[in-house]
Structure formats: structure tokens, C-alpha cells
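These notes are about the structure you will find just below.
Hydrogens, waters and symmetry mates play no part in the numbers below; they use all other heavy atoms, side chains included. Every number for a ligand or one of its atoms is a count from 1 in the order of the listing.
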Amino acid sequence: MAQSRFHRLDRFIAANTEHSRNDVRLLLAQKRVLVSGETATDINQRIGPFDRVELDGQVLQDRQPVYLALYKPAGVVSATKDPHDKTVIDVLREHGVSDHQLQDLHIVGRLDKHSTGLLLLTNDGEWSRALMAPDTKVSKVYDVELENPVEPEQVAGYVQAFAEGMYFEYEDQTTQPAKLEMLDRHLARVTLTEGKYHQIKRMFGRFRNPVIGLHRLSVGEYSLSGLGLQQAGQWCELGRR
Ligand code: URA
């Protein structure tokens, strides 16, 4: 998996100071290097974009904003903590992201427990708000498997209802215009520019057509295929925004 911005501590110090990689062992023995506040002891320690690195009290790298993309598996919750269920943070941890890197991340537009696909995480609140606020009109594209077939003569009615927006009493709001295409009788592609609670399930609920599978292909410019995320559990960094 892409971990391009992770570097071994000795390489990191050699690249960012006048010291050579050979000097680093001595620097560590002299306790002159701190990584995120802890005295470093291992030249092989991996330095990620989240880490603060100091040499003799001088900051070589401060904590950075982080942008991660995960191919969310089914059956895990889009939460950072949960008393019962496995979370997307647990998935990232299992796939090599350290606790330190994971701290302070939040989720940019949740997916339901049984939904799969592209999930973005960051510690940059401005970026996540820009992606999710309805007025910025960032497209989120989903493939939706439906329990009941949508017959050809019903398609126009579905498309119109999605495009016009649906009034949701609980929020006292009408959904933004959404695009619906039928890829086959049981498979729809839906494009939303917002993310209300269970939005797609509730929209098909108006037609008494239960959603039995939901997969997010993309959020704005980021897509699973464009990022090379092919299997559930894979993740990558998006780099600086
Ligand atoms: N709409 C839903 O109903 N569920 C999701 O996971 C995403 C959008």
C-alpha cells in the first residue's frame, strides 16, 4: 500500500540536517532526538507525516495535516470509537497505520456499517467541511443494489423524484437534486452532493424498494479506481491538499 511519506528515522535525519545516516546512532545514544515528544532509540523507527521530529530542541518536522483514503469493508462502522463494533480506525490500524498517526482523525462523510467503498479521513476540518457541505456541491457517486427490480416504465418516475429532491420530515429539509441512472433492473448509480443520514436508503424507501448493497465509488475528484484501491481494507495517503 502507498506509504510514500513514511521514512526511516536515520534517512529522515540525514535528509533534513547536516548529519549523515552514520551519525544517527550516536545522536540517539545521546538522547538528542525526540519523535512526537518521546526520546527516539531506534534508527529504523518509521516517521510519518503525523510525527513531530526534534533534534537538540530544534523542530525538523511538525505535525502535518493528514488526508487518508480507505476502501471501507462491509461490517465495520464509520466511527473512530465504538464499544461493540469494529471501526474503520481499527481497519487502518490492522493495515499498518500507527495509533499516533490515527489520533485526531475524523471521517469525511460516513458510510453505513454494511456499505462499502471510498471513505476519506483527515485531521483537517476545513477540508472535510468543504467536501461535505451541500453548498459546495461536491459529487459523491454510489452503486446501489436494490431488492426489487425497477421496470423500464418505472425508471422515469424514479429519476424525476431523485432530481426534484425529496422532503425529509425529520430534518425538515428537501434533498438537493440527485442524479439516478439504472445500470440494470436491480442496480442504480446515484450521484449526491450531500450526505444526510441513510440518505440513499431513505430515498429508495419512498418507492418501497429496500437497498441491499451500497458502494461508494468516488467523492469529488477522488475515486477508488483513480487511487488504485482495489480491495476492501486498502488505504493510501492523498498528500497535501
Ligand atoms: N446513503 C445511505 O443510505 N447509506 C450510506 O452508507 C451512504 C449513503
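- Residues passing the salt bridge (Lys or Arg N to Asp or Glu O under 4.0 Å) test with Glu151, sequence neighbours excluded: Arg185.
- Remark: Arg129 engages no residue in a salt bridge (Lys or Arg N to Asp or Glu O under 4.0 Å) (not counting sequence neighbours).
- Here the closest heavy-atom approach between residue Tyr197 and residue Arg202 is recorded as O-NH1, 2.8 Å.
- There is no side-chain donor-acceptor pair under 3.5 Å between Tyr67 and Asn123.
- Protein residues are said to neighbour a ligand when one of their heavy atoms lies under 4.0 Å from it; for ligand 1 these are Leu111, Asp112, Ser115, Tyr142, His198, Gln199, Ile200, Lys201, Leu214.
- Between the side chains of Glu164 and Gln160, a donor-acceptor pair is found at a separation under 3.5 Å.
- Applying the ring pair (Phe, Tyr, Trp, His ring centres under 6.0 Å) criterion to Phe207, with sequence neighbours excluded, gives Tyr158.
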